[in-house]
Number of protein chains: 2
Amino acid sequence: MFRGNHPTRVDEKGRLKVPAEFKRTLDEKYGQQFYITSRDGKVAEIYPFEEWQRIEERLAKLSNFNPAKKAFLMRTNYYGQQVEMDAQGRLLMPQVLREAAEIKGEVAVMGMLTYLEVRNMDLARAQVEGPLSAEDEKTLDELGI
Amino acid sequence: MFRGNHPTRVDEKGRLKVPAEFKRTLDEKYGQQFYITSRDGKVAEIYPFEEWQRIEERLAKLSNFNPAKKAFLMRTNYYGQQVEMDAQGRLLMPQVLREAAEIKGEVAVMGMLTYLEVRNMDLARAQVEGPLSAEDEKTLDELGI
DNA sequence: AACAAGTGGTAAGAAGTGGAAGAAATATTA
DNA sequence: TAATATTTCTTCCACTTCTTACCACTTGTT
């Protein structure tokens, strides 16, 4: 299960160094194959291939004419590529995605339990600056968080 | 149950010495694993891992599209890391969080019953200086406090 | 004085980085 | 169209930096 933020770098060749903490989990639970994509072009998503296949299975239950399925596949196919980790623990990020999400230099790699999200560090920081809205605090308060 | 303020220090390597008083409770009730994060970037929160999982369970009840859940997870994921205590009773604070909340040198560790809050000592002092606002006093008065 | 708590340093190994060599793809020219 | 040149991409190797686990000392407390 992936949790928390482990900052890392993407070099000029577009290779993302997988943070050691996440790599340990990947090595013991998954293979070397990954599917890297995005559903909005702002955040890159790294799926161990086995996890991506689960998503495909769920999609298979929907008709090929289902608009949500078509829209989702259009996006994930556009940004996506199957990628293998190299011997140094790096992943080559798809170029279209790198350009769309400004994935270069310092990036935040955030654990989303079953997969990883990659964001441009500056954009991520900007997004979390400032307090939660009063409305959001109320929702969380009701849950006892 | 954690209560009160036990000041301690964070060394240049970012290691926070857990005050003995809190460590006793941690040793007898919890494991060595912690989730350290923040919801506002101003105050670090240290959760025994078991306690953090409870929060995750409560969040699981909300839809992934719930704005409060999204905002909360974005922040806690951005600042957060899973951390293990070393043999000397120290916790390595995540670097992004140290920088955001100015966690270095003298800090206040305050017991929040199920978890701990860590603040830069100077900022904490400034925050408690001066009297309570008239509005706050009124609220408390109505409760008979 | 003895023990618990807190602090600092170090060295081995892990993590991270850059670059060179080889392979593949594309372009160029006869 | 085929042969060759050029460029881009990819894989692999070697070096450097940094982390972290451990050890040892200092300070404080009972």
Side-chain angles (χ1 to χ4, degrees), chain A residues 2 4-28 30-36 44 46 49 79-99 103-111 116 118 120-121, chain B residues 2 4-28 30-36 44 46 49 80-99 103-111 116 118-121:
Chain A
F2 305 106
N5 175 10
H6 290 270
T8 188
R9 294 185 48 80
V10 174
D11 66 25
E12 341 68 56
K13 290 176 185 167
R15 299 177 298 189
L16 175 137
K17 174 76 193 176
V18 178
E21 178 70 24
F22 290 142
K23 185 160 187 298
R24 266 185 285 274
T25 310
L26 292 171
D27 285 346
E28 72 183 40
Y30 300 101
Q32 294 298 101
Q33 297 292 121
F34 297 87
Y35 192 68
I36 303 183
I46 300 178
F49 197 67
Y79 294 114
Q81 264 179 29
Q82 189 173 343
V83 165
E84 190 173 324
M85 209 190 310
D86 74 12
Q88 286 75 237
R90 294 176 290 201
L91 291 169
L92 182 63
M93 302 295 287
Q95 199 173 339
V96 259
L97 186 44
R98 255 148 58 204
E99 284 163 8
I103 302 291
K104 62 185 170 190
E106 289 287 316
V107 296
V109 183
M110 288 151 83
L116 302 173
V118 182
N120 175 302
M121 193 57 138
Chain B
F2 306 107
N5 174 11
H6 290 271
T8 188
R9 292 184 48 79
V10 174
D11 66 24
E12 341 70 56
K13 288 176 186 167
R15 300 176 298 190
L16 176 138
K17 174 75 192 176
V18 178
E21 176 69 24
F22 290 142
K23 185 160 187 298
R24 266 185 284 275
T25 309
L26 291 171
D27 285 345
E28 72 184 38
Y30 300 102
Q32 294 298 102
Q33 297 291 121
F34 297 87
Y35 193 68
I36 304 183
I46 300 178
F49 194 67
Q81 267 181 26
Q82 192 174 339
V83 165
E84 191 172 322
M85 209 190 310
D86 74 11
Q88 285 75 239
R90 294 176 289 200
L91 291 169
L92 182 63
M93 303 294 287
Q95 198 175 340
V96 261
L97 185 45
R98 256 148 58 203
E99 284 164 9
I103 302 290
K104 61 185 171 190
E106 290 288 315
V107 295
V109 183
M110 288 149 85
L116 301 172
V118 183
R119 292 179 158 78
N120 175 302
M121 192 60 123

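Every chain is numbered from 1 and lettered A, B, ... according to where its sequence line falls, protein lines coming before strand lines.
- Evaluation of the salt bridge (Lys or Arg N to Asp or Glu O under 4.0 Å) rule for A/Glu84 yields no partner, not counting sequence neighbours.
- For the residue pair A/Ile46 and A/Met93, the shortest heavy atom distance occurs at CD1-SD, 4.4 Å.
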Protein and nucleotides 24-27 of chain C: nitrogen or oxygen contacts under 3.5 angstrom:
none

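- Rounded to 10°, the angle separating the first-five-pair axis and the last-five-pair axis of the helix from C/dA1-D/dT30 to C/dA30-D/dT1 equals 10°.
- Residues forming a salt bridge (Lys or Arg N to Asp or Glu O under 4.0 Å) with B/Glu99 (at least two apart in sequence, or on another chain): none.
- With sequence neighbours excluded, the residues forming a ring pair (Phe, Tyr, Trp, His ring centres under 6.0 Å) with B/Tyr35 are B/Trp52, listed by chain and number.
- When the ring pair (Phe, Tyr, Trp, His ring centres under 6.0 Å) test is applied to B/Phe2, the partners found at least two apart in sequence or on another chain are B/Phe22.
- Here B/Lys104 pairs with nothing under the side-chain contact (heavy atoms from CB on, under 4.5 Å) rule; sequence neighbours left out.
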Strictly under 4.0 angstrom, non-hydrogen atoms only: write out the protein contact profile of nucleotides 3-21 of chain C, one letter per nucleotide from the 5' end, B, S or -. --SBBBBB----SBBBBB-
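- Taking both residues in full, the closest heavy atoms of B/Ala44 and B/Leu97 are given as CB-CD2, 3.8 Å, listed atom of the first, atom of the second, then distance.
- From A/Met110, atom CE reaches atom CG of A/Leu116 across 11.0 Å, with rounding to the nearest 0.5 Å.
- Taking all atoms of both residues into account, the shortest heavy-atom contact from B/Pro7 to B/Met121 is CB-CE, 3.4 Å.
- Contact footprint of chain A on DNA chain D: nucleotides with an atom under 4.0 Å from a non-hydrogen protein atom, first to last in 5' to 3' order, D/dT10 to D/dC13.
- Remark: B/Glu21 engages B/Arg24 in a salt bridge (Lys or Arg N to Asp or Glu O under 4.0 Å) (not counting sequence neighbours).
- Among residues two or more places apart in sequence or in another chain, the side chain to side chain donor-acceptor pair (under 3.5 Å) test is passed with A/Asp86 by A/Arg90.
- Applying the salt bridge (Lys or Arg N to Asp or Glu O under 4.0 Å) criterion to A/Arg98, with sequence neighbours excluded, gives no partner residue.
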